[in-house]
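Worksheet for the structure shown next.
We name chains A, B, ... by the order of the sequence lines, and we start the count at 1 in each one. Predicted model, so just to flag it, every value in this text is computed and none were measured.
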Number of protein chains: 2
Amino acid sequence: MSANSRLTVAVHILSWMALVARKRADPVTSERIALSVNTNPVVIRRTLGLLHKAGLVRSHRGVNAGWTLAKSAAAITLRDVSAALEQEGPFGLHASPPNPGCPVGRGIQPALSRVYGSLDHLIQQHLARTTIEQVLADTLSMTPGSNGI
Amino acid sequence: MSANSRLTVAVHILSWMALVARKRADPVTSERIALSVNTNPVVIRRTLGLLHKAGLVRSHRGVNAGWTLAKSAAAITLRDVSAALEQEGPFGLHASPPNPGCPVGRGIQPALSRVYGSLDHLIQQHLARTTIEQVLADTLSMTPGSNGI
DNA sequence: CATAGATGTAACAAAAATGGTTACATCAAG
DNA sequence: CTTGATGTAACCATTTTTGTTACATCTATG
């Protein structure tokens, strides 16, 4: 296991849903999605819950329940997905606060916060330039034919 | 504890060394640095070891041992520091590989690798624009007077 | 109206990463 | 040869991440 794979899993979920939606408008189940992602359905539902809270997907209950996209794949950017996951930025400050009796210990957190803040902004901007539709197109370009979901 | 604080600690170390180096060229010990960062000296030495391997600091042994900067603070960028730490990017791929029998499972890793790769490149570029000297200046701008290290 | 099949969520377990700590061999100036 | 620090291994505690079991809840449909 490396870093956190949440954005990857979320994008995978949405891309798969977008592919399926090309043929059927029916809701898809977390179990079916889990087969493609290769993990437990609850893991999928947890992520779908966050995407739901962010308004990217709709959930349907009762008989014929499951999930559908709330927007077209072209209208969902990776920034939307990343924001839905409520993750922290890549760099954190000190685990325990530095020595306030030292000028460096006193001033470095605000200084680094500015650096990390603009970095976050940059990352968001970049993620906003890619949509689920683009990821799906790029993904499918590997295997021209077949679509044995 | 939040995300990983390694870049923060490394930048703190180098900034503190740069501040001290303005007055004395003598090596500083990991114990003294640890007082400013507020952690264990071994944690500092671990990070200094990586910075040493990257050629950013020099280590001195025997009597009057310690560490000195190998370059001026203006010649060390946050990209240099980040690279020295050999960390992974912010986003990882799947924890366990996705279903290769599904077109999405098959193609999404290369697709996302491209996205993450260009994102990494962007982050590196941005980090390269800030030097330790700039961070130190920004850090000290908080407390104009005093320098009770 | 009962049922089937799914969501939604809590609770727990396993594994990995992170930060901290102790211990100690090694080195070189004095 | 002594001293004080590096360099590194080994270990522990805490947190994070992922996976799993269990179960209450909901609703189209027979």
[atom1] of [X] versus [atom2] of [N]: gap in Å, rounded?
X       : N      : atom1 : atom2 : answer
A/Arg32 : C/dG5  : CZ    : P     : 16 Å
A/Leu35 : D/dG19 : CG    : P     : 14 Å
A/His94 : C/dT18 : NE2   : C1'   : 15 Å
A/His60 : D/dC26 : NE2   : P     : 17 Å
A/Trp67 : C/dT7  : CH2   : P     : 7 Å
A/Asn4  : D/dT15 : CG    : C1'   : 14 Å
B/Leu48 : D/dA5  : CG    : P     : 15 Å
A/Glu88 : C/dT18 : CD    : C1'   : 14 Å

How is the hydrophobic cluster of B/Leu122 composed, in terms of its other members, when Ile, Leu, Val, Met, Phe, Trp and Tyr link through side-chain heavy atoms under 4.5 Å apart, directly or indirectly?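 The other cluster members (ILVMFWY side chains, heavy atoms under 4.5 Å, direct or chained) are A/Leu122.
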Which nucleotide in D/dG7, C/dT7, D/dA5 has an atom nearest any side-chain atom of A/Ser30: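 Out of D/dG7, C/dT7, D/dA5, the nucleotide with an atom closest to A/Ser30's side chain is C/dT7.
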Within this structure, what is the CG-CG distance for the pair A/Leu85 and A/Leu50, rounded to the nearest 0.5 Å?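 One gets 6.0 Å once the value is rounded to the nearest 0.5 Å.
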In Å, rounded to the nearest 0.5 Å, how long is the span from OG1 of A/Thr131 to CG of A/Leu14?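 Going from the OG1 atom of A/Thr131 to the CG atom of A/Leu14 covers 11.0 Å.
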Between B/Thr39 and C/dG19, is there a side-chain N or O to OP1/OP2 distance below 4.0 Å?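 Checking B/Thr39 against C/dG19: no side-chain N or O falls below 4.0 Å of OP1 or OP2.
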So, OP1 or OP2 of C/dG5: does either fall under 4.0 Å of a side-chain N or O from A/Thr29?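 A/Thr29 to C/dG5 OP1/OP2: no side-chain N or O under 4.0 Å.
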Ignoring hydrogens and angles, does a donor from either the side chain of B/Arg46 or the base of C/dG20 sit under 3.5 Å from an acceptor on the other?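 Yes.
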Under the side chain to side chain contact (heavy atoms under 4.5 Å, CB included) test, which residues partner A/Ala74, sequence neighbours left out?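 Checked A/Ala74 against side chain to side chain contact (heavy atoms under 4.5 Å, CB included); matches are A/Ser72, A/Glu133.
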Sequence neighbours left out, what passes side chain to side chain contact (heavy atoms under 4.5 Å, CB included) with B/Asn40? Give chain and number order.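 So B/Asn40 forms a side chain to side chain contact (heavy atoms under 4.5 Å, CB included) with B/Val42, B/Val43.
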Looking at residues at least two apart in the chain, or sitting in another chain, which of them share a salt bridge (charged side-chain N to carboxylate O under 4.0 Å, His left out) with B/Lys71?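 Checked B/Lys71 against salt bridge (charged side-chain N to carboxylate O under 4.0 Å, His left out); zero matches.
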What pairs with A/Arg114 under salt bridge (charged side-chain N to carboxylate O under 4.0 Å, His left out), at least two apart in sequence or on another chain?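 Result, salt bridge (charged side-chain N to carboxylate O under 4.0 Å, His left out) vs A/Arg114: B/Asp138.
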Any pair with a residue in residues 51-60 of chain A that passes side-chain hydrogen bond (donor to acceptor under 3.5 Å, both in side chains), sequence neighbours left out, goes on the list, sorted by first then second residue, please.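 Non-adjacent pairs meeting side-chain hydrogen bond (donor to acceptor under 3.5 Å, both in side chains): A/Lys53-A/Glu86, A/His60-A/Thr68.
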Under the side-chain hydrogen bond (donor to acceptor under 3.5 Å, both in side chains) definition, can you give me all pairs with a residue in residues 119-129 of chain A, not counting sequence neighbours?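 Residue pairs passing side-chain hydrogen bond (donor to acceptor under 3.5 Å, both in side chains), neighbours aside: A/His126-B/Ser118.
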Where along residues 49-58 of chain A does a heavy atom fall under 4.0 Å from DNA chain C?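 The answer is none.
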A/Glu31 vs B/Asn38, nearer the 5' end of DNA chain C by closest nucleotide: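 Its nucleotide being nearer the 5' end, the pick is A/Glu31.
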At under 4.0 Å between heavy atoms, which parts of nucleotides 22-30 of chain C does protein reach? Answer with one letter per nucleotide, 5' to 3': B base, S sugar-phosphate only, - none. BB--BBBB-
I want to confirm an ordering. Mapping B/Ser96 and B/Val28 to their closest nucleotides on DNA chain D, which one lands closer to the 5' end?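 By nearest-heavy-atom nucleotide position, the 5'-most residue is B/Val28.
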